[in-house]
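Here is the naming used below: chain letters follow the sequence lines, and residue numbers restart at 1 for every chain. Reckoned from all heavy atoms, side chains included, excluding hydrogens, waters and symmetry mates. Because the structure is predicted, anything quoted here is derived from the model rather than measured.
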Number of protein chains: 2
Amino acid sequence: MEQDAPRKTLPRLDESLLTHLPPFSRLERRQIRTILNQASSRRYAPGSHIFDEGESAERFFMLLDGYVRVVRVTSTGEQVTALHIPSGQLLGIAKALGRDTYPATAVTATESIALSWPTRLWDTFVADYDGFATETYKTLGHRVGEMNNRIVEMATQQVEQRVANALLRLVNQTGRKVEGGIEIDFPITRQDLSELTATTLHTASRLLSGWEKLGLVESKRKRIKVCDPHALVMLSQGR
Amino acid sequence: MEQDAPRKTLPRLDESLLTHLPPFSRLERRQIRTILNQASSRRYAPGSHIFDEGESAERFFMLLDGYVRVVRVTSTGEQVTALHIPSGQLLGIAKALGRDTYPATAVTATESIALSWPTRLWDTFVADYDGFATETYKTLGHRVGEMNNRIVEMATQQVEQRVANALLRLVNQTGRKVEGGIEIDFPITRQDLSELTATTLHTASRLLSGWEKLGLVESKRKRIKVCDPHALVMLSQGR
DNA sequence: ACCGCATATTGCGCTGGAGCAACGTTTCGG
DNA sequence: CCGAAACGTTGCTCCAGCGCAATATGCGGT
């Protein structure tokens with residue numbers, strides 16, 4: 001499935017790629033040039049693994065384009081999606097948590113492009129680049145917050161509310177305005193949605209069908225558009 | 001309920017309190033003295049709140065003695081326990097995640113003693129004390145890992161397995177060897193256990209009763225002793 | 001144009017475990 | 001020492017949602 005496409009340092013990565021991304025936004029052109037010169041760039045086909053849980057964390061990544069799902073697989077083969085990462089964020093930052101292996105698997109949801117650096121540069125980045133650590137820990141804090149919320153959700157809410165919540169979160173984070181509503185910006189199956197909400201694809205499908213009849217959402221294959229976010233918010237709070 | 005007992009800088013905190021704790025273990029006596037001089041010490045009765053979710057994070061803490069439960073409360077008043085923290089660990093380290101409010105509530109499970117410092121000293125600690133940041137992020141990484149595992153558990157396992165897992169985790173982290181088994185070192189009710197495993201106290205009670213009949217555990221009020229850990233491991237893995 | 005596969009829908013039966021209720025037991029304050 | 005509150009147990013009922021199965025439909029490859 002994976003053919004390890006060779007990483008290449010593209011002839012000339014433009015500084016503007018990074019200048020507006022939080023971890024690098026306080027840096028000067030010169031510093032960004034240095035950073036880019038150390039980076040490898042690579043394109044990933046949809047569904048490919050950027051790294052796998054348990055692997056030793058050789059590199060850390062900056063997602064420049066696309067979407068990535070952070071997934072964990074149980075011993076019995078079930079998948080649980082922990083998180084979605086949109087472009088502009090770091091991933092695989094095991095080092096920031098004092099780990100030397102990746103804690104989860106990163107799978108691309110769409111075609112994606114990511115820069116990466118050898119993990120050994122991490123400490124240099126933290127030490128040399130003002131704001132890098134701070135911003136990194138901010139996104140980390142954000143992710144921890146999300147995980148926390150999911151735990152609370154799963155512990156206290158019904159399936160219907162969880163699915164509604166998940167949909168809203170996806171729309172907020174990765175929504176693209178289209179006519180008649182907001183569409184989730186990457187292909188997502190009922191199965192994906194069920195792995196995100198700890199239910200079965202059957203139940204997810206039934207819920208979506210129901211909501212579609214009520215005009216809350218519209219969905220084609222692998223595409224979900226939310227037409228009435230407010231109604232979903234109601235649902236997500238149990239009426 | 002809380003009468004804000006005055007924090008006092010105890011006459012003479014002994015350096016040996018901190019020398020063996022990871023975040024401080026690489027420091028010299030002189031540095032530890034400085035750190036202690038800036039600390040406030042306080043005793044907490046069981047069940048008291050060290051800080052509450054959403055409060056602005058004025059201070060960070062080192063738990064010297066006791067156990068703390070990290071809890072989140074939903075809008076409908078249900079409690080979900082995210083984590084147990086044993087003595088020797090930092091808590092309330094919002095700053096490490098780039099936050100300026102506490103992400104959850106910390107409640108003491110036993111009588112506890114904690115040192116605390118104003119959050120404004122955080123950056124100083126990170127900058128001045130070798131190994132402080134590294135060790136902090138290690139425990140953070142560990143906690144994130146735990147949260148992750150709980151998500152996967154809750155998503156894929158049955159109640160029985162989750163409760164078995166929770167018990168094993170508690171025993172591993174805070175177990176005290178007693179005759180006939182290993183006992184959880186702090187008072188824990190069926191209700192607590194259910195909040196830890198996303199179930200009801202009824203179900204938790206039934207499970208414990210069942211296991212007690214099989215000789216896997218023994219429990220008095222607020223006390224649980226695991227007699228046959230191996231059998232519990234079996235259960236926790238679905239037979 | 002065709003086949004084959006991945007994705008989606010829907011009906012139906014079954015059950016884990018929540019919800020409710022009633023009661024027993026230990027602890028603690030006064 | 002007594003009464004009340006906190007904690008624990010257990011029986012019964014009910015239903016959300018899982019598991020299974022059958023069918024439909026869009027999509028990519030040759």
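Among the nucleotides D/dT10, D/dG17, D/dG19, the one closest to any side-chain atom of A/Thr200 is D/dG19. Closest approach to the A/Gln158 side chain among D/dA16, D/dT9, C/dT10 is made by D/dA16 (side chain taken as heavy atoms from C-beta onward). Checked against C/dA18, C/dA8, C/dT10, the side chain of A/Thr189 finds its nearest nucleotide in C/dA8. Taking only side-chain atoms of A/Val159, from C-beta outward, the nucleotide of C/dA18, D/dG17, D/dG11 with the closest atom is D/dG17. Set against C/dG19, D/dT9, C/dT27, the side chain of B/Arg206 has C/dG19 as its closest nucleotide.
Within the nucleic acid shown, B/Lys222 comes within 4.0 Å of sugar-phosphate atoms alone, with no base atom in reach, counting heavy atoms only. Residue contacts for B/Ser219: at a heavy-atom cut-off of 4.0 Å it reaches no nucleic acid atom on any strand shown.
A/Met154 places its CE atom 13 Å from the P atom of D/dG17, with the value rounded to the nearest Å. Rounding to whole angstrom units, CG of residue A/Leu201 and C1' of D/dA24 are separated by 15 Å. Rounded to an integer number of Å, the gap from B/Gln191 CD to D/dG8 C1' is 12 Å. Between B/Leu207 atom CG and C/dG17 atom P the separation is 8 Å, expressed in whole Å. Atom-to-atom, NE2 of B/His202 to C1' of C/dG16 comes out at 15 Å; the value is rounded to the nearest Å. As a whole-Å value, the separation of B/Leu193 CG from C/dG17 C1' is 15 Å. In this structure, B/Glu212 atom CD and D/dT10 atom P are separated by 9 Å, rounded to whole Å. To the nearest angstrom, P of C/dT27 lies 11 Å from NZ of B/Lys220.
For A/Thr199, no side-chain nitrogen or oxygen approaches OP1 or OP2 of D/dG17 to under 4.0 Å. Distances shown here put every side-chain N or O of A/Ser205 at or beyond 4.0 Å from the OP1 or OP2 atom of C/dT10. Considering only side-chain N and O atoms, B/Arg190 lies nowhere under 4.0 angstrom from the phosphate OP1 or OP2 of D/dC7. For B/Thr203, a side-chain nitrogen or oxygen approaches OP1 or OP2 of C/dA18 to under 4.0 Å.
Using cut-offs of 30° and 60° on the angle between ring planes, the pair A/Phe186 and A/Tyr67 is tilted. The aromatic rings of B/Phe51 and B/Tyr102 sit parallel, their planes meeting at an angle under 30°, below the 60° perpendicular limit.
Among all heavy-atom pairs drawn from A/Thr110 and A/Pro187, the shortest one is CG2-CD, 3.6 Å.
Here the side chain of A/Thr105 pairs a donor or acceptor atom with the backbone of A/Glu53 at under 3.5 angstrom. Here the side chain of B/Thr108 pairs no donor or acceptor atom with the backbone of B/Val68 at under 3.5 angstrom.
When the nearest nucleotides of DNA chain D are assigned to A/Ala198 and A/Arg221 by heavy-atom distance, the more 5′-ward of the two goes with A/Ala198.
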